[in-house]
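Report on the following structure.
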Amino acid sequence: MIDIRLVREQPDLVKAALGRRGVDPSDIDELSALDERHRELLARQERLRARVKSLSREVGMARRGGDGARAAALAAESRAVGEEERAAAEETDRVAGELRGRLLVTPNIPADDAPDGASEAENVERSRWWPGQEEGRPEPVPEAHQRVPHFDVATELGILDMARGARMSGSMFPLYRADGARLLRALTSFALERHRDAYEEIRPPTMVLTETLTSTGHLPKFADEAYHIERDDLWAIPTAEVPLTSMYRGEILEEADLPLRLTAMTQCFRREAGAAGRDTRGLLRVHEFEKVELYAFTTPAQASDAFADIVERAEDLLRALGLPYRVLDLCTGDLGLSAARTFDLEVYAPGVDRWLEVSSVSWVRDYQARRASIRYRPAAGGPPQLVHTLNGSALAWSRIWAALVEWGRQPDGTVRLPDALAPWLGDPPVLTAR
RNA sequence: GGAGGGAUGGCAGAGCGGACAAAUGCGCGGCUCUUGAAAAGCCGUGGGGCUCCGGCCCCCGUGGGUUCGAAUCCCACUCCCUCCGCCA
């Protein structure tokens, strides 16, 4: 959530900032009006409440003083005021609920340096990398044997079985086999080991409460994108960001403990309701995939370093895997609801001839911390402050798997993988037919 | 799934209808004493909202209810602990 006080005190600033991402200024006016109405109602309710409390105290004193008649009269008056208060509270709650509902779907204020733009077409490419770039070699041109889509390579080798995955779960639920499954396992170990120096490894639950999914901003607005188990009212997580944010929900951290950095590999579940019919072949878009996430709770001052660190770690993995990639600075029109700034990392996959998003690193400022009430006690004293949260994938495996298989395909049809995976897949690491 | 116990501030733990944001201890911060430290003593120390800056209101797991008045009584739910059952 954005801070309602900012809306109250500097509505023009909020309108300008959110206008950059396409929010109608009248939405902000409505927020202001609801807020003002809410405060009026609250003040009225609290005056009544204070009256009830002071009358009740007098009842007690009168009774102890033996003045039964006076006590009865005061009690009657208090009861009347109490009824008035109950009615007032009902209206206050109604307006408060409406205000909260609006705030929950109001997007975050974009960072000043996030590029302006209306859609993904206006994202800005910040950098590009390919193997050998440091030695001055040109961008690689894929060979003919690398121009085979991963789903065909995988069928040849028997390492991915989408048809049988669909048999048990429906389409877009991949089933990896043999070396394909081993590759996935190797990637997770490879990444988690590399993050071990600074990030605590977590294995969180992957089914969460409604409140947990609301804290990150996925609810209420994007309920259609998530799987929901109705009987137990639990949601399948779309990313480890969701449980990790709630790890410290409602807590006050010590500044000395910040930045607090976590990493987690989890299954990620996405209904992809808005993309039905798109990218239905292979691994470009699936309902379930594995991803290693990096996460940080920081003070505001630590946030930009933490952001840079997550981006650097995602890039480091891609370089170690030898995959050509580019870094996109998302324009205001393409930012997710909670994000103030986001860098997407995309790898080029020669078989499908597409850039694939394999990481999205976001600085959320205090937007999720306010929803989740996660604060820190400043070392210098003073009241608790909201933390900043940052998250990023490093990395999402299904698309990495596809890119590795396409780039690594050799003329004989086997797949040569980067040496970085040798500890898990043999030296040299090669995927062969099942 | 069954039986029982529990949920209070950073932690431990009292409070069981009336000035309770809540004893006490620990922890933490400041001060005194001391060459310094320790010990001792004194003082302070939860969060949130609104405010005409005087204050006022809310928060004792969550949500309802009873009452003039609820941390305290009633109901429901959640979570934790112990035992039994079942189970990867």
Side-chain angles (χ1 to χ4, degrees), chain A residues 1-9 31-100 102-104 203-215 229-235 243 246-258 260 267 297 366 368-387:
Chain A
M1 278 189 290
I2 59 169
D3 188 352
I4 187 62
R5 272 174 295 200
L6 192 63
V7 173
R8 189 142 76 215
E9 287 155 20
L31 278 179
S32 291
L34 275 171
D35 174 51
E36 195 176 335
R37 178 87 183 116
H38 175 246
R39 278 181 300 143
E40 281 169 11
L41 291 167
L42 191 64
R44 176 169 67 120
Q45 184 197 333
E46 288 186 352
R47 272 196 304 275
L48 292 167
R49 179 83 194 136
R51 182 85 182 124
V52 168
K53 287 186 68 165
S54 91
L55 283 169
S56 295
R57 243 175 272 134
E58 288 182 52
V59 171
M61 288 188 291
R63 187 162 298 172
R64 273 192 302 278
D67 190 344
R70 180 173 152 73
L74 286 165
E77 187 182 353
S78 179
R79 187 175 333 153
V81 179
E83 263 158 42
E84 213 182 321
E85 189 226 332
R86 203 167 315 175
E90 213 165 283
E91 202 177 349
T92 308
D93 291 347
R94 191 180 53 73
V95 174
E98 196 177 332
L99 177 61
R100 180 175 161 77
R102 298 290 189 96
L103 276 174
L104 283 176
R203 215 36 113 81
T206 49
M207 306 255 292
V208 298
L209 304 172
T210 296
E211 194 180 350
T212 302
L213 207 56
T214 303
S215 293
I229 311 292
E230 210 160 311
R231 177 196 269 271
D232 298 293
D233 195 15
L234 286 168
W235 303 78
S246 280
M247 237 176 105
Y248 292 98
R249 169 147 49 85
E251 292 198 38
I252 300 175
L253 307 169
E254 294 301 329
E255 182 171 350
D257 295 332
L258 303 179
L260 182 49
Q267 302 296 121
F297 298 93
D366 59 13
Q368 292 174 335
R370 182 170 293 105
R371 287 174 168 239
S373 185
I374 306 167
R375 291 163 295 169
Y376 72 96
R377 227 178 270 288
Q385 303 292 321
L386 291 168
V387 300

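Lettering follows sequence order; numbering is per chain, from 1.
Computed from coordinates, the A:Leu42 CG to B:C58 P distance equals 10 Å when rounded to whole Å. For the pair A:Asp257 CG and B:G10 P, the interatomic distance rounds to 15 Å; values are reported in whole Å. Going from atom CD of A:Glu36 over to atom P of B:C50 covers 13 Å, rounded to whole Å. Going from atom NE2 of A:His38 over to atom P of B:U51 covers 11 Å, rounded to whole Å. In this structure, the CG atom of A:Leu74 is 18 Å from the P atom of B:G18, given to the nearest Å. One can place CD of A:Glu46 at 16 Å from C1' of B:G54, the figure rounded to the nearest angstrom.
If you take atom P in B:C52 and the same atom in B:G44, they sit 31 Å apart, rounded to whole Å. For the P atom pair drawn from B:G15 and B:C84, the interatomic distance equals 31 Å after rounding to whole Å.
Base orientation of B:G54: syn, the glycosidic angle falling within 90° of 0.
Heavy atoms of A:Ala43 sit nowhere under 4.0 angstrom from any nucleic acid atom. Among the protein residues, A:Arg8 comes within range of the sugar-phosphate backbone only, with heavy atoms under 4.0 Å from sugar or phosphate atoms but none that close to a base. Residue A:Pro384 is classed as a sugar-phosphate contact, given heavy-atom separations below 4.0 Å to backbone atoms only. Residue contacts for A:Arg44: at a heavy-atom cut-off of 4.0 Å it reaches no nucleic acid atom on any strand shown.
When the side-chain nitrogen and oxygen atoms of A:Arg49 are compared with OP1 and OP2 of B:G69, none of them lie within a distance under 4.0 Å. Within the structure, every side-chain polar atom (N or O) of A:Arg86 is placed at least 4.0 Å from both OP1 and OP2 of B:G65. For B:G48, one of the phosphate oxygens OP1 or OP2 lies less than 4.0 angstrom from a side-chain nitrogen or oxygen of A:Arg375. Applying the 4.0 Å criterion to OP1 and OP2 of B:U51, one finds that A:Arg39 has a side-chain N or O inside that range. Between A:Lys53 and B:C58 there is a side-chain polar atom (N or O) within less than 4.0 angstrom of OP1 or OP2.
Nearer the 5' end of RNA chain B, as judged by each residue's closest nucleotide, is the contact made by A:Arg51, out of A:Ala75 and A:Arg51. Both A:Asp35 and A:Gly60 lie near RNA chain B, and the one whose nearest nucleotide falls closer to the 5' end is A:Gly60.
Summarising the local packing, CD of A:Glu36 is surrounded by 12 or fewer heavy atoms from other residues, nucleotides or ligands at distances under 6.0 Å. No more than 12 heavy atoms of other residues, nucleotides or ligands shown are found within 6.0 angstrom of CD on A:Glu90.
With a 3.5 Å ceiling on both atom-pair distances, the Watson-Crick or G-U wobble partner of B:A40 is B:U32. With a cut-off of 3.5 Å on both Watson-Crick or G-U wobble distances, the partner of B:G1 is given as B:C84.
One donor-acceptor pair, N or O on each side, does fall under 3.5 Å between the base of B:G18 and the side chain of A:Arg63.
Closest heavy-atom contact between A:Ala372 and A:Arg249: O-CG, 3.3 Å. Smallest separation of non-hydrogen atoms from A:Met207 and A:Ile229: CE-CG1, 3.6 Å. The two residues A:Leu74 and A:Ala62 have their closest heavy-atom pair at CD1-CB, 4.4 Å.
Tested against A:Arg51, the residues A:Glu77, A:Glu46, A:Glu85, A:Glu58 include a single salt bridge (Lys or Arg N to Asp or Glu O under 4.0 Å) partner, A:Glu77.
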